[in-house]
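Input: a single structure, listed below in structure tokens.
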Number of protein chains: 2
Amino acid sequence: MTTVQRPPARTRLLQAADRVLFTNGIRATPVDDLLRQAEVSTATLYAQFGSKDGLLAEALRLRLADWRSIWDECIISAGDDQARLLAVFDALEAYRGQRLPPARWCAFLATATELPNAQGEIGDVVAADTALLNDRLRHLASPLAGARAAELADDVVLAYNGTLAAFLRGHPADPIEAGRRLARAAVGAYRTA
Amino acid sequence: MTTVQRPPARTRLLQAADRVLFTNGIRATPVDDLLRQAEVSTATLYAQFGSKDGLLAEALRLRLADWRSIWDECIISAGDDQARLLAVFDALEAYRGQRLPPARWCAFLATATELPNAQGEIGDVVAADTALLNDRLRHLASPLAGARAAELADDVVLAYNGTLAAFLRGHPADPIEAGRRLARAAVGAYRTA
DNA sequence: GTCTATAAATCGATAGAC
DNA sequence: GTCTATCGATTTATAGAC
């Protein structure tokens, strides 16, 4: 007789953290909420992660790895240079569709906002997200903008940031579509220039 | 003999709130920090504002009024339709230059992030900031994009959001310059279309 | 590893005197 | 209006048994 295996406590905690912290708010979520959602006791959390921040850091690391791999796939699926640069918006769409409910906006920017003096592992993973974004976009912008790749990459970074913040504002209604259009306009400016 | 008047307690509290909450973090700042910075006692804060949230709400209202008036001036100073639409970036530059230290990024988006379920007066002032942004930009985009003003306005909203988030990320180095360039590219796309 | 119970710390808010 | 002192609630983290 096959039984559906319940994931181990560590996994349940990470899933609960990923689901709750970035939708209800990091500081707004007490440890008790995570424990109840994960159906795990206090001692287990502290044995596995040492602290709420330790759990947050690990959840962010997994999130970054997941985001990176989805973005990878979207770049590979894209047909040309422009589509590869704009694939970050496809990835955002896929990433958010994958999680129900999706984060309120961006887990990394939310962490930067809620933990202003984050150092150590939390600061590191937030910085790694920004570095991934910058490095990849610069690389992808190169065939389109040549020597001005850095500028075009920054344009797309801003369009991407703006899309995320649009979720937070609740406007425009379809942030990803708006972001894609804006990024396309940026590419156009380098094409004609 | 002329004496430099110390502002009243209420003003000192509002100044301290404006200076500290949006740079060190809203939830990360204990009430005690505000009291020490304002050189005011506990009882005074609660007599004047009722709660930490009450003080936050009033600080946000003043901030919004100030932002609105600076933006007004920048629109008036602008020479043509495109400059009036892009004046939001001049305003951002002036607004941040006026406050030392400036907020880490945006007081309203930070509030939306840190107080996810904000209702009442705090939710209202955050919504008012978004509404001001949308309404004004739509109005200013009209002479440039006609029937497609809403789209162009959304482009500029995203570029503006992206600029603010860039302060949070610490990249690009000059977010306002990058945002202005991106918004200009968006305008260009409507010009040629 | 997991549980219950509780410690330890933080923080928002109030009381009562002046 | 302002002060000092303190309450009460919340929340993070630990102790000790199983």
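Each chain gets a letter, A, B and so on, in the order the sequences are listed, and its residues count up from 1. In this text the structure is predicted, and so the values were computed from the model without any measurement.
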[X] [atom1] to [N] [atom2]: how many Å, rounded?
| X | N | atom1 | atom2 | answer |
| --- | --- | --- | --- | --- |
| B:D32 | D:dT4 | CG | C1' | 13 Å |
| A:F49 | D:dT14 | CZ | C1' | 18 Å |
| B:L56 | C:dC11 | CG | P | 17 Å |
| B:E39 | D:dG1 | CD | C1' | 16 Å |
| B:L35 | C:dT14 | CG | P | 14 Å |
| B:R10 | D:dT2 | CZ | C1' | 16 Å |
| B:D33 | C:dT10 | CG | P | 12 Å |
| B:L45 | D:dG1 | CG | P | 14 Å |

Taking the side chain of [X] as its heavy atoms from C-beta onward, which of [options] lies nearest to it?
| X | options | value |
| --- | --- | --- |
| A:T42 | C:dC11, D:dA13, C:dA13 | D:dA13 |
| A:K52 | C:dC11, C:dG1, D:dT12 | D:dT12 |
| A:Y46 | D:dT12, C:dA5, C:dA13 | D:dT12 |
| A:T44 | C:dT2, D:dT12, D:dC3 | C:dT2 |

- Answer yes or no: is there an ion pair linking B:R84 with B:D81, defined by an N-O contact shorter than 4.0 Å? yes
- Message: Please determine whether salt bridge (charged side-chain N to carboxylate O under 4.0 Å, His left out) holds for the pair A:R63 and A:D129, giving the CA-CA distance in whole Å, both sets of side-chain angles, and the decisive distance to 0.1 Å.
- Response: CA-CA 10 Å; A:R63 212 164 231 267; A:D129 175 64; over 6 Å; no
- Note on the structure: Shortest non-hydrogen pair, A:E39 vs A:R12, comes out as O-NH2, 3.0 Å
- Answer with base, sugar-phosphate or nothing: what part of the nucleic acid does B:S51 contact at a heavy-atom distance below 4.0 Å? sugar-phosphate
- Query: NA contact type, B:A43, heavy-atom cut-off 4.0 Å: base, sugar-phosphate, or nothing?
  - Reply: base
- Looking at B:F167, does the NZ or CZ of B:R96 lie under 6.0 angstrom from its six-membered ring centre and within 45 degrees of the ring axis? yes
- Query: According to a strict under-4.0 Å criterion, is A:S41 in side-chain N/O contact with OP1 or OP2 of C:dC3?
  - Reply: yes
- Task: Please state whether the rings of B:Y95 and B:W67 are parallel, tilted or perpendicular, taking 30° and 60° as the class boundaries.
- Result: perpendicular
